Amino acid sequence: MNVDPSMVAASPVLGLGGGVAGPGPVSAMSGAGLQAGYGLSFTDLGRFEHALSASQSRLEGQPVRAPNEALQAMARPLEYVNNEAASLSEFATRAVSAGSAMTPGEMVMLSVRCQEFMFHCQLTSNVANRASDGLQQLFRQQS
């Protein structure tokens with residue numbers, strides 16, 4: 001059953017904007033809303049409404065489980081790097097807020113801590129990349 005597009009396009013119940021577009025079932029999006037073409041039918045709208053309600057029922061919230069020990073173990077190196085970055089930031093903020101120039105020893109210490117931080121970042125990244133490569137190889141072998 002086809003419907004007069006001017007009635008569908010201006011229908012406040014359907015939430016569609018006013019106006020009629022080209023010959024396709026749904027032709028364009030505009031700032032005022034969706035414009036329906038001549039080929040739109042109640043069957044199309046019914047199917048869309050059914051699909052929308054079905055997708056909403058699948059998207060209901062699910063309780064979040066606590067991460068298991070394996071995930072916690074994988075996150076520990078990232079937490080360590082994050083804590084190390086926060087420590088460096090705090091050290092640098094204290095040095096700037098002190099108002100006086102940093103001593104040569106403090107500058108060397110900050111440089112060493114920055115190098116140590118970068119080493120830990122690179123090491124963590126390398127381990128993560130190797131683990132990712134291993135998982136990809138495992139999935140390729142299984143398929």
Side-chain angles (χ1 to χ4, degrees), residues 3 5-143:
V3 176
S6 62
M7 291 174 53
V8 173
S11 171
V13 176
L14 298 175
L16 301 172
V20 177
V26 176
S27 64
M29 294 292 289
S30 67
L34 183 69
Q35 297 179 350
Y38 290 108
L40 186 68
S41 69
F42 280 128
T43 306
D44 295 335
L45 294 174
R47 287 181 189 155
F48 176 74
E49 187 174 332
H50 179 348
L52 184 62
S53 65
S55 69
Q56 288 175 343
S57 66
R58 288 187 300 225
L59 295 177
E60 292 178 5
Q62 301 292 324
V64 177
R65 295 180 291 141
N68 59 16
E69 281 191 42
L71 287 175
Q72 289 176 349
M74 287 175 35
R76 274 191 207 110
L78 298 174
E79 290 174 6
Y80 179 78
V81 167
N82 192 32
N83 291 337
E84 198 172 17
S87 172
L88 272 174
S89 173
E90 182 182 322
F91 181 78
T93 303
R94 274 185 287 152
V96 168
S97 65
S100 61
M102 291 177 67
T103 64
E106 289 174 332
M107 292 175 84
V108 168
M109 190 61 190
L110 182 60
S111 297
V112 168
R113 289 185 63 194
C114 287
Q115 291 296 322
E116 181 184 13
F117 170 70
M118 287 306 300
F119 172 74
H120 290 147
C121 288
Q122 288 176 343
L123 183 64
T124 303
S125 174
N126 192 11
V127 168
N129 286 336
R130 298 289 174 146
S132 174
D133 291 344
L135 285 173
Q136 286 178 1
Q137 183 178 2
L138 178 69
F139 286 135
R140 274 186 296 223
Q141 288 174 353
Q142 289 181 348
S143 59

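Worth knowing before you read on, the calculation uses all heavy atoms, side chains too, and leaves out hydrogens, waters and symmetry mates. In this text the structure is predicted, and so the values were computed from the model without any measurement.
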Report task. May I have all residue pairs that pass ring-ring contact (aromatic ring centres under 6.0 Å, His included) and include part of residues 94-115, sequence neighbours excluded? Result -> none
Indicate every side-chain donor-acceptor pair of residues 95-109 with a distance under 3.5 Å to a residue at least two apart or in another chain.
residue, atom, partner, partner atom, Å
S97, OG, T93, O, 3.0
S97, OG, R94, O, 3.2
T103, OG1, E106, N, 3.2
E106, OE1, T103, N, 3.1

Query raised in the report: Looking at residues at least two apart in the chain, or sitting in another chain, which of them share a side-chain hydrogen bond (donor to acceptor under 3.5 Å, both in side chains) with N126?
Result: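 side-chain hydrogen bond (donor to acceptor under 3.5 Å, both in side chains) check on N126 returns R130.
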Report task. Taking side-chain hydrogen bond (donor to acceptor under 3.5 Å, both in side chains) as the test, write out the residues that go with S125, two or more places apart. Result ->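 With neighbours one apart ignored, the set is empty.
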Report task. Take atom CD of Q72 as the centre, draw a 6.0 Å sphere, and report whether it contains more than 12 heavy atoms from other residues, nucleotides or ligands. Result -> yes
Query raised in the report: For atom CD of Q136, is the number of surrounding heavy atoms from other residues, nucleotides or ligands below 6.0 Å larger than 12?
Result: yes
Only distances under 3.5 Å count here; give the side-chain donor-acceptor pairs of residues 73-88 to other protein atoms, sequence neighbours excluded, each with its distance to 0.1 Å.
residue, atom, partner, partner atom, Å
N83, ND2, E79, O, 3.3
E84, OE1, H120, ND1, 2.9
E84, OE2, H120, ND1, 3.1
S87, OG, R113, NH2, 2.5

Report task. For the residue pair T124 and V127, establish whether any side-chain heavy-atom pair is separated by less than 4.5 Å. Result -> no
Query raised in the report: To the nearest 0.5 Å, what is the distance between CD (E69) and CG (L71)?
Result: 10.5 Å
Query raised in the report: Which residues pass the ring pair (Phe, Tyr, Trp, His ring centres under 6.0 Å) test with F48, sequence neighbours left out?
Result: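 Counting only residues at least two positions away or on another chain, F48 forms no ring pair (Phe, Tyr, Trp, His ring centres under 6.0 Å).
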